[in-house]
Every structure is written in C-alpha cells, then in structure tokens.
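Worksheet: one structure, shown below.
Order of appearance sets the numbers: ligands from 1, and atoms from 1 within every ligand. Keep in mind the model is a prediction, meaning the values are calculated, not measured.
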Amino acid sequence: MAQKITAIKGMNDILPPHSAHWEWLEGQVREVMSRFAYRNIRTPIVEPTGLFVRSLGEVTDVVEKEMYSFEDRLNGEALTLRPENTAGVVRAVVEHNLLYEGGKRLYYMGPMFRHERPQRGRYRQFHQIGAEALGFSGAHVDAELILLAHSLWQALGVRDVRLEINSLGQPEERKAHREALIRHFEAHQELLDEDGQRRLYSNPLRILDTKNPAMKDVVESAPRLLDFLGEASLQAFETLQQILRAHDVAYTINPRLVRGLDYYNLTVFEFITDSLGAQGTICAGGRYDGLIEQVGGKPAPGVGWAMGVERVLELLKEQDLLPAAPVPDAYAVIPDMQSLPVAMQALQQLRQAGLAVQMHATPTGEMGSFKSQFKKADASGARFALVFGADELAEGCVTIKQLRDGAGEQSKKPLAELAQWANSLQSQD
Ligand code: ATP
Ligand code: MG
C-alpha cells in the first residue's frame with residue numbers, strides 16, 4: 001500500500017454522523033438570521049494579504065504570526081487564507097458599492113485559517129458564523145446584534161453563557177488613555193511578560209487582553225478606558241445597556257475587554273462560557289466605524305460579531321443539546337438482483353413522497369444473504385425494512401416490516417399504493 005497522507009495538523013475532517021450536527025446548527029442559524037432580516041454573503045477564502053494587514057492592524061496576533069500567507073506562483077501576488085471574514089465582507093461591500101441605497105445586514109458561515117497551537121477549541125482551520133450590519137450607526141443597532149446572538153442561544157437552548165460588554169470609545173479618547181496606559185506600564189515594566197514588553201509602545205491596549213495570570217494585578221490596576229470616554233461615547237454605552245436591560249439580557253461590564261483586532265470602536269462584547277475550559281469565548285464582536293474607510297470605501301459605520309462554530313458545538317455537546325443522528329425512514333432489502341429495477345423505481349417514488357430511503361448495497365456488488373441484509377437494515381436505524389422479494393413482486397407487492405415499535409410486525413402493500421403509504425406516514429408525524 002502507498003504511504004498514507006493525513007490531514008494537516010490542526011485542520012479537521014468533519015465526518016458523519018457528527019456532520020449532521022453542523023448542518024443542524026447551520027439550519028438554526030439561517031432561521032434566526034432570517035427573522036432579523038440578515039442576508040447571506042459568500043466571499044472568497046483567499047484574499048490579497050494587504051486586506052488583512054490594513055484592516056486588522058499590523059501589530060495584532062493574527063497579522064503578526066497567525067496568517068497563512070503565500071505568493072501566487074503564477075503572478076507573485078501576495079495572498080492569504082482568510083483568518084476572519086469581516087475584512088472580506090467589507091471589501092466586497094465596498095467593491096460592489098452595496099451601501100449606495102442604505103445599510104446592509106449580512107451574515108456568513110465558513111472556514112477561517114490561523115496558524116495557532118492546536119488544542120481543544122483552537123484549530124488552524126476553524127469555522128465562524130458571523131453577522132455584520134454595515135452603514136448603520138447607533139447603539140440600537142449594536143443592541144440588535146447582541147439580541148441576534150442571544151436569540152440564537154435561546155433557539156439552541158444553551159445555558160450558562162454570559163455576556164460581557166465594554167466601550168472602546170473613539171480614537172481620540174483612546175489616545176489619551178493610551179498615554180496613561182504607557183505611563184502605568186512603564187512604571188511596572190518588570191511585571192510585563194515578553195509580549196507585554198513588545199506591545200508597550202506599539203499597542204499597549206492589547207496588554208489588557210493578556211491571558212497571562214502573572215500579569216493580572218498590573219492589568220487590573222491599569223487606568224480604565226471607560227474613565228477617558230467623553231459624553232457621546234458614554235451616552236451610547238448607556239443606551240446600549242438600557243436596551244439590554246429592557247430585553248432582560250443579562251450582562252456585565254468588563255473594562256478590560258478590548259478585543260484582539262484593531263478595528264473596533266465604541267461597543268465591544270463577548271459571549272463567554274465556563275464550560276469549555278480556557279477557550280471559553282464563543283462569540284465576539286463590536287463596532288468598527290473606521291474600517292470601511294480604512295479598506296478604501298467611503299466612510300460608513302459598521303458593527304458585527306463572529307462566533308466559533310467548533311466551540312459552540314462543543315458547548316452543545318457538553319449540555320446534551322445535540323439532536324440524534326439522522327436515520328433513514330426505510331431500508332430496502334432486495335434478495336436478488338433481478339428485483340433491483342422494480343425496487344429502485346419504488347424507492348424513487350418513496351423519496352419523491354418525502355421518505356428517506358436507503359438501498360441495500362455491498363462491496364462485491366452482489367446482494368448477499370437475506371440475513372445479512374436484515375442485519376444492515378437494523379443497523380441503519382430505519383423504522384421499516386421494505387422487502388422486495390421475488391414472490392411479493394410477482395403479485396405486484398412489497399413486504400413492509402417494522403424494525404422499531406412493534407418490531408417483527410409485517411404487512412404486504414401493493415407497489416401502486418406505496419406513495420400513499422409514505423404520505424400517510426408523514427401526516428402521522
Ligand atoms: P481567542 O482570544 O480565543 O484567540 P480571538 O479574539 O482571536 O479569540 P476572534 O478573532 O474574535 O477570536 O474570533 C471570533 C471567535 O472565533 C472567537 O471568539 C472564537 O470562538 C473563534 N475562534 C477564534 N480563533 C479560533 C481558533 N483558532 N479555533 C477555533 N475557534 C476560534
Ligand atoms: Mg486569537
């Protein structure tokens with residue numbers, strides 16, 4: 001045998017039956033998105049590297065060390081596998097002038113790529129579902145996005161997810177805070193780890209986002225951005241909170257919540273669970289009013305979030321909320337090959353009538369013994385075995401055998417009445 005080729009580290013195959021959980025989650029998301037009038041957008045997985053450098057910021061973890069970048073062999077263009085999708089959505093919105101007649105509400109689902117150390121809840125190819133509202137200002141739109149995620153948790157039934165919010169204010173307000181932060185960290189330089197030292201002058205705000213417990217005290221005693229916010233920023237933050245309270249959405253203010261990417265202003269938020277260990281943030285987002293202009297569009301506001309699909313599915317599993325794996329309604333037992341053409345026609349009729357039916361098949365192409373076929377029928381989880389025996393078929397009939405409730409019971413049905421039978425089953429369900 002030739003040597004096996006395996007998947008790239010940190011990149012996972014999503015296999016049945018688990019893939020059904022993905023499809024189910026995606027279906028729930030589509031439903032909730034459509035209730036909020038968010039429309040689907042699909043952008044390329046590969047984008048020009050410059051898009052991410054410009055939008056995420058040079059000194060972010062993602063741009064500094066996590067991007068899969070390469071040169072197009074044919075024309076030398078610098079390309080990157082998307083590490084997130086807000087940048088791609090904004091690029092597409094600008095490129096196609098989608099905001100010319102007002103704002104747009106969009107959502108996406110798909111794979112993202114970051115060169116991180118793989119561990120539970122952290123992969124190199126992972127998946128995000130994201131929602132973006134572009135061209136709209138106002139804390140009520142920030143609230144709408146939070147309500148959208150909240151509604152999704154409700155639809156899924158997940159518990160113990162908490163919401164943390166903060167305001168990053170406006171760039172000028174951050175500037176004054178930045179100076180105060182640098183003074184604070186300079187005074188305690190010996191307490192900063194290597195990342196902290198490196199970010200001291202390039203991006204001190206990000207030091208607040210450290211996951212190093214040894215830096216907890218120096219970060220907690222740092223000046224709070226909230227204390228540097230002007231009237232308008234504080235008012236927006238207050239309005240957001242009023243709306244959340246009016247909708248009974250519990251939240252806490254986390255003054256150290258700054259988010260990993262540079263493009264945020266005003267509202268930022270994260271949904272966090274304690275059930276997943278260190279990788280507890282399942283959804284994160286905020287407002288990014290400067291981003292569209294930064295990417296080359298006419299200035300326009302934006303706000304959005306992205307959730308980590310692997311983490312959400314893991315949480316659903318922890319809380320025992322995943323649906324049972326799908327099974328076919330019926331399994332076709334076909335004792336001999338001569339019956340195959342008639343059986344296949346009948347199966348098509350049943351499928352058209354809405355039943356899920358599985359045809360018996362084997363590696364050799366032979367049908368195999370009656371007994372082995374029934375074993376497969378049982379293992380498939382189907383409710384019924386349809387037996388297309390030569391004797392039944394000679395009478396224009398098929399035998400329907402119950403495999404679950406009332407196992408063993410069987411009845412003969414004329415082939416001509418199969419579709420009707422399928423319909424009657426569905427009206428029972
Ligand atoms: P973290 O602090 O966990 O690295 P982040 O701030 O880099 O997260 P975002 O860029 O905000 O993450 O992405 C939004 C969400 O996508 C995260 O909250 C998380 O649920 C998920 N996510 C991010 N990176 C990964 C990854 N490498 N593997 C799995 N999920 C991820
Ligand atoms: Mg990260």
Side-chain angles (χ1 to χ4, degrees), residues 7-12 14 22 25 29 51-52 55-57 59-68 80-90 107-132 145-146 148-149 152-153 156 158 161-166 168 195 199 203 205-213 219 254 256-264 267-288 291 302-318:
I8 295 166
K9 192 172 167 218
M11 304 203 179
N12 300 312
I14 298 159
W22 285 70
L25 174 61
V29 168
L51 173 65
F52 302 113
S55 58
L56 310 189
V59 281
T60 52
D61 279 353
V62 173
V63 171
E64 275 180 340
K65 52 187 190 210
E66 296 175 357
M67 293 202 308
Y68 281 93
T80 293
L81 299 182
R82 63 184 189 191
E84 57 99 61
N85 205 29
T86 300
V89 167
V90 166
Y107 79 92
Y108 59 82
M109 318 192 197
M112 308 294 156
F113 302 84
R114 297 185 193 178
H115 202 281
E116 305 202 65
R117 193 168 64 78
Q119 52 196 291
R120 183 185 185 203
R122 194 175 289 288
Y123 310 99
R124 291 182 175 174
Q125 175 173 332
F126 63 100
H127 296 74
Q128 284 183 340
I129 291 168
E132 317 281 357
L145 274 142
I146 291 175
L148 171 58
L152 185 60
W153 310 140
L156 298 171
V158 295
V161 173
R162 61 172 196 277
L163 170 64
E164 292 188 353
I165 61 173
N166 191 20
L168 297 186
D195 263 349
R199 291 198 171 119
N203 197 349
L205 195 62
R206 284 296 313 283
I207 300 178
L208 300 179
D209 197 29
T210 180
K211 291 180 176 109
N212 183 351
V219 159
N254 175 357
R256 283 169 302 281
L257 178 65
V258 297
R259 307 286 307 113
L261 309 174
D262 271 2
Y263 51 55
Y264 291 106
T267 305
V268 290
F269 55 89
E270 290 191 355
F271 287 92
I272 304 165
T273 169
D274 294 322
S275 315
L276 295 179
Q279 268 56 252
T281 302
I282 56 173
C283 177
R287 183 161 275 285
Y288 47 82
L291 180 61
V303 52
W305 52 246
M307 69 175 61
V309 179
E310 284 82 355
R311 293 184 193 179
V312 171
L313 284 168
E314 188 70 24
L315 180 62
L316 288 164
K317 191 171 134 203
E318 290 280 317

With a 4.0 Å cut-off on heavy atoms, is [X] touching ligand 1?
X	result
K211	yes
R311	yes
E84	no
E310	no

Counting from 1, what ligand 1 atoms have a heavy atom of [X] closer than 4.0 Å?
X	value
G121	28 (N), 29 (C), 30 (N)
A306	14 (C), 15 (C)
Q128	13 (O), 14 (C), 15 (C), 16 (O)
E116	24 (N), 25 (C), 26 (C), 27 (N)
I282	20 (O)

Passing option when R162 is tested against T273, N254, D274 for side-chain hydrogen bond (donor to acceptor under 3.5 Å, both in side chains)
D274
Have a look at Q119, H127, E270, R114 and point out the one with the heavy atom closest to atom 12 (O) of ligand 1.
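Checking each option, the heavy atom nearest atom 12 (O) of ligand 1 is found in R114.
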Where E132 and T86 come nearest, the two heavy atoms and their spacing
OE2-OG1, 2.8 Å
What are the two closest non-hydrogen atoms of F113 and Y68, and how far apart are they?
CB-CD1, 3.8 Å
Salt bridge (Lys or Arg N to Asp or Glu O under 4.0 Å) contacts in which one or both residues fall within residues 111-123, not counting sequence neighbours:
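Listed by first then second residue: E116-R122, R120-E314, R120-E318.
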Set out, in order, the CA-CA distance, both residues' side-chain angles and the distance that settles side-chain contact (heavy atoms from CB on, under 4.5 Å) for W22 and E310, then state yes or no.
CA-CA 9 Å; W22 285 70; E310 284 82 355; 3.5 Å; yes
Sequence neighbours excluded, the answer for ring-ring contact (aromatic ring centres under 6.0 Å, His included) partners of F52 is none
Would you mind reporting whether H127 and I14 have side-chain heavy atoms less than 4.5 Å apart?
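Touching, per the 4.5 Å side-chain cut-off.
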